[in-house]
There are 2 protein chains.
Amino acid sequence: MLEARLQEAALLKRLLDSIKELVTDANFECNEEGINLQAMDNSHVALVAVKLEATGFKKYRCDRPMPLGVNLASLTKVLKCAKDDDICIIKASDDADILNLVYEARNSDRIAEYDMKLMDIDAETLGIPDTEYDARVTMPASEFTRIVRDLSQLGESVRIEISKEGVRFASEGEAANGSILLKQTEAAREKYANYGKEDEAPKEDDDDDDDDEEGGSSKKKVKKEKVKKEEKEDVEMDEEDENEEFKVKSDDEGEEEQDDDEEEEKSSKKRKKAPAKTNGKPAKKAKKADETSADGGVLIEMNQHVSLTFSLKYLVNFSKSSTLSNTVQLMMSNDVPLLVSYKFGQGEIKYYLAPKIGEE
Amino acid sequence: MLEARLQEAALLKRLLDSIKELVTDANFECNEEGINLQAMDNSHVALVAVKLEATGFKKYRCDRPMPLGVNLASLTKVLKCAKDDDICIIKASDDADILNLVYEARNSDRIAEYDMKLMDIDAETLGIPDTEYDARVTMPASEFTRIVRDLSQLGESVRIEISKEGVRFASEGEAANGSILLKQTEAAREKYANYGKEDEAPKEDDDDDDDDEEGGSSKKKVKKEKVKKEEKEDVEMDEEDENEEFKVKSDDEGEEEQDDDEEEEKSSKKRKKAPAKTNGKPAKKAKKADETSADGGVLIEMNQHVSLTFSLKYLVNFSKSSTLSNTVQLMMSNDVPLLVSYKFGQGEIKYYLAPKIGEE
DNA sequence: GACGAGCCGA
DNA sequence: TCGGCTCGTC
C-alpha cells in the first residue's frame, strides 16, 4: 500500500516532462524512504535517476517496498489532467496493478480521479558507484540550458573543459564553431558554499539529511533572498565542526581558490584537510541555493583539469529539468560519465552520460 | 436588403471558428429580429443553432426575411482579413447572391471591403422543441473545455452524471480511467442567480428582452465585478413580481439548494412556487454572468438524477465556443439530447448532441 | 485542416 | 513562468 500526497501536482508534471522523452517505461521504486526511479534511456546511452524523498510529501506512507511499473507516456497524459496547483495524491494497492491519482483543486470544489494501469517492468536497477569527481561546476540551470541549446545549433558535440581558467563549452560545426567560457563568479563561492554536499557521502546520515532538507525547504519557501546570508552565517557557525566543503584541489591547481577560501571562510582549513568529504546537514543550503541562484553565479571546484566531449542532444534533453531547479551541477572526471544533477525541494534528478571517445 | 453593423469583427470571427469545423455550409437566416443559423453537423449527429439579436448590432436593418447561404470556409477566410477590433458591416441585397463585408479600422484610416459569393442551401430549419430539462449545470466555460479536453485524451466517450453530489464527468480509456467531480460552488448560486433565465420561456416578451439585453451588454463591458451585486439587487427588487428562478427541484432532492436560497435570496418563495419559469428582463444578468464567471463557480440545478454518455469529440468541438463566453450551460434530461449553450452579449450559440445508447 | 508539442519572447 | 507562435503529425 502506497499513499503519497503531494502539495503541488506541478512537481510531478515537470518531472515527467523532464524524463518522458528519454525513457518510455520505468519502475517507480517505492519504499518507506521515498520514491526512486532509475532507468537507461531508450538508446541505452544515458541513465536517469530520480529520487523523491518521503519527507518531500505532505503525507507519505509506504508499507513495503514496491515497484510501480509505469508507462511514462500514460502517466504524462494523466498528469496533464491535473492543474499545476492541484494537490495530488497517488495511491497503489499492494498488488500494484493500478496507480490511482487524485487531484484536488485548492478549494476542493473539483476532485478528479484517475486510474492508470501499471505494468511489469524488469527491474534493472544498476548500482551507481558513488564516484568522487575531479571537477564540479555549480551554475544556474538556465545558463546551462542556454549554452547547450546554443551550441546544439552548431554541432552535435560539445567539449566541456574545466581548468583554472573556468569551464569552457566548445562545439564545432559546419557553419561555425562556438566556445563559451564561464569564469567562476566571486559571489558564487559564497552562494553555493554548501550546495549539494550530500552528493559526496549521502549515506553518512541519510535520516538527518532528509529531515533537515524538508524543514529547510518549507522555510525557504517563505523566506526570501534577504534571508540567505543570515542563514548562511548561522549554519557556518553552528556546523563548523562538521562542515566540510567539497572543494577538491590538487596542490598545483588550487591556489586561486584557496585564496578565496581564506578570505571568505573560517573553516577553510578543514576543507583542505579533508577534501571531497562532506557534513551531515548541508541540505538547508541546497534548498536555498535553489532559490537563490536565479541571479546566477558559477562555482567551479576541481582538483584536476578535465576535458570531455558529450553529445549535445542528450545534454539538451537533460536541461529540461531546469523547470525543477534553478541550479544545476556538472560532475566530471576524465574518462567517466558526466553526472548532471538537479536538486529540488523534494528530491533530485541525476543524469549520467558517457563521454564520446576520441573526439577532442 | 440587409445591413448590419457590428462593433467588433472579433465576434464574427470567433463565431465562425466555433462552428466551421462542425458545419461546412449554412444559411444565415436574417429577419428583422436578427440573424439565426441552424444546421446539423456534417455527420448529422449534432445540431448547432446560433442566434444574433438585431439589438446586438450597432445598427441593424433587414427589410424582409432572407436566407444567406454561406460557405463557412469562405466566410472564415474573408473574416481572417478583419482585425479583431475592426467595425464590421455586412450587407446583402435582396437577391442575396453576394455578401458584402466592410471592415473599418477604429480610426477609419483603413476601410476594407470584401464581396463573398453566396449559395443556395436547402433550408432545413428544424423546430427545436423548448424542452424543459431535468438538470442544468452552469459553469465556467474554461472549466468545461478543460474537462472534455482532458478526458478526450483518455477515451472517446464521457458519462455525465448529475446528482445531489454534483456533476461528474467520467471516461474510460485504454491507459487510464478518469472521473472528475464538480461540486456546486456556494458562490455560484448567487453569481448565476439569474443567468440565462430566458431559456425557459424565451417567447414571453422577446422585445423587452432584446432591448434590455443590449443595454445590459454595453454597460457591462464598462462596469466590472464590483458592480454585479448592486445590479443584482436592483433587478431583484424592481422586478420582484415577475422574477422567477429556474430552480427546478423535486421535494426529495432539493433540500440542500433550498437552504442556500433561503439564506441568500429574498424572493426565494416565488422561485419555489413557479419553478422553471422566467421573467422578461433576465438578460442584464446573463451579460454580467458572462464577465463575472471568469473566477469560476459551478451551479447545479436538478429535479432528477441524470446520467448520459456522449461523444467527447463533439463536446471538445462545442467547447471552442468558450471564446464567445466565459460561462457555459449544460442542460440534460435522460434520453434526450444534451444542450450545450453559450450566451454572449449579442446572442447565443447552442449545441445539441444525442446521447450514446447502451454505454453506461 | 485541425490538434498537439516544442520553442521563443515578454 | 505564462502566453503566443511555429512546426510537425494525424
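A quick note: this is a predicted structure, and the numbers were derived from the prediction, not measured.
- In this structure, the side chain of A:N27 engages the main chain of A:I121 through a donor-acceptor pair within 3.5 Å.
- Contact annotation: B:K320 side-chain N/O to C:dA2 OP1/OP2 distance is not under 4.0 Å.
- Between A:R146 atom CZ and C:dC8 atom P the separation is 9 Å, expressed in whole Å.
- The distance between atom NZ of A:K313 and atom P of C:dG6, rounded to the nearest whole Å, is 15 Å.
- Atom C1' of nucleotide C:dG1 and atom CD of B:E21 are separated by 8 Å, given to the nearest angstrom.
- Nearest nucleotide to the side chain of B:R149, out of D:dT1, C:dC3, C:dG4: C:dG4.
- Between A:K80 and C:dG4, a side-chain N or O to OP1/OP2 separation shorter than 4.0 Å is absent.
- Note: A:Y342 and A:Y351 have perpendicular aromatic rings, judged against thresholds of 30 and 60 degrees for the angle between ring planes.
- Closest heavy-atom contact between B:K343 and B:Q329: NZ-OE1, 3.4 Å.
- Rounded to whole Å, the distance from CZ on A:R14 to C1' on C:dA5 is 18 Å.
- As rounded to whole Å, 16 Å separates atom P of C:dA5 from atom CG of A:N317.
- Across all strands shown, A:K77 has no heavy atoms under 4.0 Å from either base or sugar-phosphate atoms.
- Rounded to whole Å, the distance from CG on A:L16 to P on C:dG6 is 13 Å.
- Checked against C:dG6, C:dG4, C:dC7, the side chain of A:K20 finds its nearest nucleotide in C:dG6.
- For B:D17 and C:dG1, the CG to P distance is 13 Å, given to the nearest whole Å.
- At distances below 3.5 Å, not a single donor-acceptor pair connects side-chain atoms of B:N326 with backbone N or O atoms of B:S322.
- In this structure, the OH atom of B:Y314 is 14 Å from the P atom of C:dC3, given to the nearest Å.
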